[in-house]
Protein chains: 2
Amino acid sequence: MDSDPAPRRQRGRPPLPQKKIIDTAIQIIDRDGADALSFRSLANRLGSSTATLYRHVANKTELINLVFDQILGEAQLDRIELQRLPWDEACRRTTARVFHALSGHGRTAALLAEVVPTGPNAMAAREDLMNVLTAAGFEPLQAARIVATLGHYALGFAIQTPTIAGTDAAKVPGLSQPDPTDYPVTASVADHLPLPLAEEFAFGLDLLIDGLRKQCPRHDP
Amino acid sequence: MDSDPAPRRQRGRPPLPQKKIIDTAIQIIDRDGADALSFRSLANRLGSSTATLYRHVANKTELINLVFDQILGEAQLDRIELQRLPWDEACRRTTARVFHALSGHGRTAALLAEVVPTGPNAMAAREDLMNVLTAAGFEPLQAARIVATLGHYALGFAIQTPTIAGTDAAKVPGLSQPDPTDYPVTASVADHLPLPLAEEFAFGLDLLIDGLRKQCPRHDP
DNA sequence: ACCTGAACACCGTTCAAGT
DNA sequence: ACCTGAACACCGTTCAAGT
């Protein structure tokens with residue numbers, strides 16, 4: 001009867017699509033941290049081997065770029081919604097979403113210093129924001145500068161996100177208990193140090209956006 | 001005659017002071033890049049062994065912290081000169097010096113994401129800047145926030161400094177030759193991309209400082 | 001044609017064994 | 001008491017050998 005119960009061979013693409021590789025990579029990062037992501041751990045979780053992975057991903061740099069662009073995709077604001085916002089709010093929200101998306105996924109950002117994002121989601125995000133800015137009167141080159149600076153700002157802060165957000169204050173004795181003789185001013189606010197990175201990020205971002213408003217050609221002083 | 005020409009045994013400290021370890025580490029970084037710094041390469045260049053290094057440095061994190069603080073020391077402005085400057089110039093120059101010192105030493109910054117600087121030079125720099133800010137009328141906690149944000153700003157950008165500064169434009173084809181159909185605005189300025197990171201850094205820093213001026217209690221609108 | 005165990009040249013870190 | 005070769009448990013990456 002059941003002479004051929006075996007599933008028919010999938011003759012299409014190999015059963016290891018890039019999307020699944022990337023999703024699994026992000027799972028590993030979310031569960032065990034960015035440092036736990038290796039070709040071995042990834043192959044293991046996929047039930048494959050490292051050598052096979054190299055048939056689908058050129059090397060670790062490409063893997064990280066793919067992961068990064070996927071996370072950027074999650075962070076994306078809807079394009080139409082974006083264009084409805086005032087340009088300064090569009091910049092502020094986009095930058096904040098990128099930072100929080102990266103911070104949210106363990107220390108993914110730590111993997112991609114030195115990478116210039118060129119994945120489809122990165123390209124789209126840049127183009128969208130530049131559209132908003134040129135529509136607001138900025139020159140294209142100035143718009144590019146603004147977008148690049150905000151991107152480096154978000155990524156730079158995300159890279160510095162500590163692994164375990166809650167327990168860091170206790171782990172930095174030199175900063176939490178500075179010698180009041182040597183460092184009186186620091187000591188006077190030591191109870192509050194280190195300040196939450198997300199708070200510093202927002203503080204600096206508001207300063208940046210505020211400064212940009214004055215540079216807008218249609219700025220009314 | 002020369003019955004005892006051998007140099008007298010140095011009975012003092014072992015001939016491997018921490019300063020020499022740090023200096024050699026920085027030499028390796030400057031010559032071969034931050035990725036070339038390992039306990040093996042360091043031991044090799046010192047004519048020692050990895051196990052011996054561990055008797056002088058607890059682990060790689062501590063090594064990086066020591067290297068970082070040394071570089072920070074090179075970047076330090078003279079304290080007296082600092083106090084003579086207007087507070088906004090003091091902030092701007094200090095931040096810029098930290099960024100350029102880190103960028104100048106290969107990709108040292110890449111090694112120290114997630115590190116909260118607590119070395120003596122880091123502590124001194126924080127204290128000095130906070131003094132300048134409180135003297136200018138800022139509340140101590142606000143001063144701490146400003147210093148922390150500027151520190152993360154400098155470090156975040158330094159981390160993203162590309163390895164070989166000059167040759168990167170050619171290496172990012174996705175950005176230098178974006179599809180004009182998909183990304184028309186990006187394409188219109190593609191000749192200028194990617195913008196030099198140092199330029200973006202200065203652009204953003206000016207925005208930050210400018211924004212801070214409005215927050216100064218003694219600000220005249 | 002596709003897959004993979006095993007290898008290569010590296011890491012950070014530790015420890016038994018040397019002097 | 002101080003030093004160190006060798007080891008351990010990892011990396012990214014490649015390749016000969018399997019089916």
Side-chain angles (χ1 to χ4, degrees), chain A residues 6-18 20-22 24-29 31-68 106-108 110-115 163, chain B residues 6-18 20-22 24-29 31-68 106-108 110-115 163:
Chain A
R8 10 180 178 80
R9 277 175 290 144
Q10 304 167 262
R11 288 187 303 128
R13 306 234 77 218
L16 204 61
Q18 223 178 38
K20 176 150 194 188
I21 295 176
I22 300 167
T24 307
I26 293 178
Q27 277 176 31
I28 292 173
I29 290 170
R31 182 176 305 244
D32 301 321
D35 294 337
L37 177 64
S38 72
F39 274 76
R40 279 174 179 80
S41 65
L42 187 51
N44 209 27
R45 198 182 254 260
L46 286 163
S48 181
S49 79
T50 60
T52 304
L53 277 182
Y54 275 91
R55 308 192 84 259
H56 299 87
V57 180
N59 51 41
K60 190 156 193 191
T61 301
E62 184 178 299
L63 175 65
I64 289 164
N65 269 297
L66 291 166
V67 165
F68 174 66
R107 293 188 10 77
T108 308
L111 302 173
L112 44 76
E114 209 185 348
V115 161
T163 313
Chain B
R8 14 181 175 78
R9 276 176 290 143
Q10 304 167 263
R11 288 186 303 126
R13 305 236 75 220
L16 204 59
Q18 222 178 38
K20 177 149 194 191
I21 296 176
I22 300 168
T24 308
I26 293 178
Q27 278 176 30
I28 293 173
I29 289 169
R31 182 176 306 244
D32 301 321
D35 294 336
L37 178 63
S38 72
F39 273 76
R40 278 174 179 80
S41 66
L42 187 52
N44 209 27
R45 198 180 255 261
L46 285 164
S48 182
S49 78
T50 60
T52 303
L53 277 183
Y54 275 91
R55 308 193 82 259
H56 299 87
V57 180
N59 50 40
K60 191 155 192 193
T61 301
E62 183 178 300
L63 175 66
I64 290 164
N65 268 297
L66 290 166
V67 165
F68 174 65
R107 291 186 14 75
T108 306
L111 302 174
L112 44 76
E114 210 185 345
V115 162
T163 313

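To find a chain, count down the sequence lines: A is the first, B the second, and so on, and within it residues start at 1. Hydrogens, waters and symmetry mates play no part in the numbers below; they use all other heavy atoms, side chains included.
Looking at heavy atoms from C-beta onward, B:Q18 lies in side-chain contact with B:E62 at the 4.5 angstrom threshold. The shortest side-chain heavy-atom distance between A:R31 and A:R45 falls under the 4.5 Å cut-off. You'll find the side chain of B:L63 reaches within 4.5 Å of the side chain of B:L42, heavy atoms only.
C:dT14 is paired with D:dA6 under the Watson-Crick or G-U wobble criterion, all donor-acceptor distances under 3.5 Å. Using N1 to N3 plus N6-O4 or O6-N4 for Watson-Crick, or N1-O2 and O6-N3 for G-U wobble, each under 3.5 Å, C:dA1 pairs with D:dT19.
For A:A36 and A:A58, each mapped to the nucleotide of DNA chain D holding its nearest heavy atom, the one lying further toward the 5' end belongs to A:A36. Nearer the 5' end of DNA chain C, as judged by each residue's closest nucleotide, is the contact made by A:G47, out of B:N59 and A:G47. Between A:A51 and A:R40, it is A:R40 whose nearest contact on DNA chain D lies nearer the 5' terminus.
Atom CG of A:D35 and atom P of C:dT13 are 12 Å apart (whole Å). Note: CG (A:L37) to P (D:dT13) measures 12 Å, nearest angstrom. C:dC11 atom P lies 16 Å from atom NZ of A:K60, rounded to whole Å. If you measure from atom CZ of A:R55 to atom C1' of D:dT13, you get 15 Å, rounded to the nearest angstrom. For the pair A:L63 CG and D:dT13 P, the interatomic distance rounds to 10 Å; values are reported in whole Å. Here C:dC8 presents its P atom at 21 Å from CZ of A:F39, a figure rounded to the nearest Å. Put simply, CG on A:D32 is 13 Å from P on D:dC10, counting in whole angstrom units. Per the geometry, OH belonging to B:Y54 stands 16 Å off P belonging to D:dG5, to the nearest Å.
Counting all heavy atoms, side chain and backbone alike, B:L53 lies closest to B:A43 at CD1-N, 3.7 Å.
Considering only side-chain N and O atoms, A:T50 lies nowhere under 4.0 angstrom from the phosphate OP1 or OP2 of D:dT13. Dashed line: the shortest gap from a side-chain N or O of A:S38 to OP1 or OP2 of D:dC11 is under 4.0 Å. Contact annotation: B:T52 reaches the phosphate of D:dT4 (side-chain N/O to OP1 or OP2, under 4.0 Å).
Spacing between D:dC8 and C:dA7 at atom P, rounded to whole Å, works out to 15 Å.
The side-chain contact (heavy atoms from CB on, under 4.5 Å) test with A:I26 singles out one residue from A:V67, A:L66, A:I21, and that residue is A:V67.
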